[in-house]
Amino acid sequence: MMRPSALAMAATLTLTTAALVPAAASAHAGAPPRDPTAIGYGGAVSTVDPTATAVGLEVLRRGGNAVDAAVAAAATLGVTEPFSAGIGGGGFFVYYDAGQRRVHTIDGRESGPAAMTEDIFVDPADGLPYDFQEARVSGLSVGTPGTLATWEAAAGRWGTRSLRSLLAPAAGVAERGFAVDATFRQQIADNAAAFGQFDSTRELYLPGGAPPAVGSTQRNPDLADTYRLIAERGTGVFYRGPVGADLVRTVRRPPVAEHPTGTWTYPIRPGGLTREDLAGYRLRFPAPTRSVYRGLDVYGMSTPSSGGTAVGEALNILERTDLSRVPTIQALHQYAEATALSFADRNRYVGAYTPQPVLNKLISDAWAGQRACQIDPAHALVKPVPPGDINASGCTPVAVGGPVEDGQSTTNLTVADRWGNVVEYTLTIEQTGGNAMVVPGRGFLLNNEMTDFNFTPTQGSAPDPNLPGPNKRPRSSMSPTIVLKDGRPFLALGSPGGATIITTVLQVLINRIDLGMTLPEAMAAPRASQRNSAGIQSEPAFHLRYGPGLTELGHSFAADVAELGAATAIEFRPGGSLIATAEPARRGGGAAGVVRPRR
Ligand code: GLU
């Protein structure tokens, strides 16, 4: 499928993957390393995937900066982590500019189509909300993707390389292929019924009707072509050209197979996204959220993500107790109470259009005082806790709780360069596998981000800030976070995991800052998530170790989950060394690397 012009262009690119990504034939022997921790100098990259990390490191080695490396690594994740990330989706890019000593953000979240109505996920036949999977695997769930625009803007504003050269390594990986690992195979197996409904998806990911074998070579020549077409002709081919036309056609006329593989019980509904929606897509560049935690400046993502305010509010509540001086169970009790309170407020108040004064209040120390006053060190609050009354001045909750959401998709990467610039970037297509439709001939999956809206109002008689609307962006939990100490980077981290992203980021922060752990220990420690529901959701190891003590304080536990999150992080040490970390085990383990390893 490769066009001759694209072939010619590929040969002229300065950066190729030939040296760093093994050809398919030797994929096993020369595969890049999968180390969860790397310590050294000169820049670092941490992602969930060894190939993406290797691509990012190579960009740094050749003199690119953190933004260049982040874009090249993200484009590679679009190939090797296609069920979590890609040009069919969106995300939030947080950048610390060492020259300006300033944190910038890009909101590349998917936007609702202009035709989106508040009741888009309500079945006109019976007035009831669609089942989640019915809404997900449809054209209705697709928002205008912001990922490609994010890469272009980041590279253009802060990078030193052309988008064209940054797409080249990923195109090479897509063309040559990479070895299928157990996680990749499992993500397909989990989606086999949905993927089997569409010829385009099935051809790519269900060869011969089944998920590819572990160790086999996965190629995506259509995506290689798409990346090269964009490299050659610019992002207009996506937002205003032939790739966009194919995307819109897929949404409006889902490419349902004549003879599907597997059973899908729901009708596959078309969506209303138009070429005008694509052409009208605009990035936003909101100021980051900022909260001060024990003297550290914590920068996060503002709306439409709830990540920055929810993390900030919980930290402000936690700051009122010296967690390093109380027993671990008490620290974890405070953690669970703080997140329950902060989720209640997030559900009530945070959506795409929350006014800035409300966001400011939620992330203020005064508000933390109004909320923390309810925490009893000896006994857990009854969940769900009500949200606070934003107009009150005392310790006054109001009625009605909120829903619980979680998810497993999405991916995160952390990059630092030798100049001290830092990128923390979370990108997603929402569920693992997005809406299950590969755009025919283009090689990428579409997002189902619109299902991050609440399908029906969740806040009783109070307004719900996260209902669908025309051109509106659904609330996110993605929490790319950069922590500064005395104005210089100290820690950068983020994770996938739906609403559990917020608690994972918080837990790694308090593990590292308060509970005496090193960064690799803080990442590996067992996780738990209290998002204002009756039971704490936890990994089995957490439940085993801390369950009895927390139960004694009145906490309940929901059913265990195998894992929470798949984080990446970098710590900046005095003297200039870097500790890059990824997951040692979750999601099959991630890959951290540094430009010059410490001897
Ligand atoms: N769509 C989710 C969000 O924006 C992320 C999905 C996930 O991590 O599972 O919050």
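Just follow the structure's listing: the first ligand is 1, and inside any ligand the first atom is 1. The model shown is predicted, which means the values in this text are computed figures rather than measured ones.
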Determine whether the aromatic ring centres of F83 and F195 lie less than 6.0 Å apart. yes
Backbone or side-chain N or O of [X] under 3.5 Å from ligand 1 N or O:
X    : answer
P496 : no
I501 : no
T428 : no

Relative to the ring of [Y], is the ring of [X] parallel (under 30°), tilted (30 to 60°) or perpendicular (over 60°)?
X    : Y    : answer
Y266 : W264 : perpendicular
F557 : H543 : parallel
Y281 : Y239 : parallel

Heavy-atom distances under 4.0 Å are what count here, so tell me which part of R109 touches ligand 1: side chain, backbone, both or neither. side chain
Applying a 4.0 Å heavy-atom criterion (strictly less than), which segment of T432 is in contact with ligand 1: side chain, backbone, both, or neither?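 None of T432 does.
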I need the atoms of ligand 1 closer than 4.0 Å to a non-hydrogen atom of E449, numbered in the order shown. 1 (N), 2 (C), 4 (O)
Salt-bridge present (D452, R109; N to O < 4.0 Å): yes
Should F178 and F184 be marked as a ring pair (Phe, Tyr, Trp, His ring centres under 6.0 Å) after you check the CA-CA gap, both sets of side-chain angles, and the distance that decides it? CA-CA 11 Å; F178 57 94; F184 190 92; 5.4 Å; yes
Is it true that R475 lies under 4.0 Å from ligand 1, counting heavy atoms only?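 R475: no contact with ligand 1 (<4.0 Å).
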